Amino acid sequence: MSEKPEGDQTDFMGSEPRPMSAGEMNEFLQKPWIAKIACLTPDGSPYIAASWYHWDGVAFWVVPRARSEWAHYLVRDPRVHLLIDDPNPPLSKVICEGTAVIVEAAVGPYLDTGEMSTWNKIGTYHTGPRYLGERANEYRGPKNVEPCWTIKIVPRKIITVRYGFQWASRYKHPELIPDDEGRAEVMPVYYR
């Protein structure tokens, strides 16, 4: 038996997949997972980047460096997918299909008005403390001079899943599963 963070007991295989409640999703997204961001290159090839993120309860915020290729790809084509997952059993994931909105285009930590840039606020108040804890300022201090983008990813669709190693029924082939006497309707073919 392993203990889930909520204190529920589960066996190694976990339970049937199920969606997260809104509260579970918000709690899950406050942990320091890494977002995998999928976008398209100019020739239409897929591109994946890993990034810290901030979830504000409505949208995802990411802060690529000024020279990050994927920021330029999102300017050209704002269609984006995010995957945020916990790789440890029982597995959980959030998949977001959304639109990238450029809030700031490669600006420094402070705007001409002297106000903190949005990305600097996100790093100072959200991602820095969440990912680095008390060492956030130690990291941010020397890095906080380079220009960055602020990109807001507005979800069109969000899918959440909590499960162990059980497969969702849509993936199963019942005709391959042996009955109580060990017979299946169709015998699987194994290739060498």
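Fair warning: this is a prediction, and the values are worked out from it, not measured in the lab. Atoms considered below: every heavy atom in the structure, side chains included; atoms not considered: hydrogens, waters and symmetry mates.
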Just so I know, are the side chains of T41 and E69 near enough to count as touching, which here means a heavy-atom distance under 4.5 Å?
no
Would you say that T160 contacts F28 through its side chain, given a criterion of any heavy-atom pair below 4.5 Å between the two side chains?
no
Determine the interplanar angle of the H126 and H54 rings, folded into 0 to 90°, and report it as parallel if under 30°, tilted if 30 to 60°, perpendicular if over 60°.
parallel
Parallel, tilted or perpendicular: rings of W52 and Y131 (30°, 60°)
parallel
Can [Y] be reached from [X] by stepping across I, L, V, M, F, W or Y side chains whose heavy atoms are under 4.5 Å apart?
X    : Y    : value
L74  : I122 : no
W119 : F60  : no
I102 : V80  : yes

Given W70 and V62, is the side-chain contact (heavy atoms from CB on, under 4.5 Å) satisfied, shown in steps?
CA-CA 11 Å; W70 59 278; V62 292; 3.8 Å; yes
Residues which pass salt bridge (charged side-chain N to carboxylate O under 4.0 Å, His left out) with [X], listed by chain and number, not counting sequence neighbours:
X    : result
R156 : E97
E134 : none
D85  : K36

Reported [atom1]-to-[atom2] distance for the pair [X] and [Y], which is rounded to 0.5 angstrom:
X    : Y    : atom1 : atom2 : result
Y53  : L29  : OH    : CG    : 4.5 Å
R130 : W55  : CZ    : CH2   : 12.0 Å
I151 : T118 : CD1   : OG1   : 12.5 Å
S92  : E27  : OG    : CD    : 10.5 Å
L82  : I153 : CG    : CD1   : 4.5 Å

Mark yes when over 12 heavy atoms from residues, nucleotides or ligands other than I48 sit less than 6.0 Å from its CD1; otherwise mark no.
no
Does CG in D43 sit with more than 12 non-hydrogen atoms of other residues, nucleotides or ligands closer than 6.0 Å?
yes
Do any pairs count as a ring-ring contact (aromatic ring centres under 6.0 Å, His included) and have a residue in residues 75-101, sequence neighbours left out, and if so which ones?
none
Residues forming a side chain to side chain donor-acceptor pair (under 3.5 Å) with [X], sequence neighbours excluded:
X    : value
W33  : none
S68  : none
T124 : N120, R140
T127 : none

Does [Y] offer a backbone N or O that forms a donor-acceptor pair with the side chain of [X] under 3.5 Å?
X    : Y    : answer
R79  : C39  : no
T99  : P78  : no
E24  : S21  : yes
R65  : E146 : no
W149 : V63  : no
E104 : S117 : no

What's in the same ILVMFWY side-chain cluster as [X], cut-off under 4.5 Å, chained through other members?
X    : answer
Y125 : Y110, M116
V58  : none
V101 : V154

Check step by step if side-chain contact (heavy atoms from CB on, under 4.5 Å) holds for L132 and E138.
CA-CA 9 Å; L132 299 174; E138 184 181 331; over 6 Å; no
Show the numbers, then the answer: is there a side-chain contact (heavy atoms from CB on, under 4.5 Å) between I95 and I158?
CA-CA 6 Å; I95 302 168; I158 293 181; over 6 Å; no
Can you sort out the partners of N88 under side chain to side chain contact (heavy atoms under 4.5 Å, CB included), two or more places apart, ordered by chain and number?
D86
For P129 and G123, work out which heavy atoms get closest and say how close.
CD-O, 3.6 Å
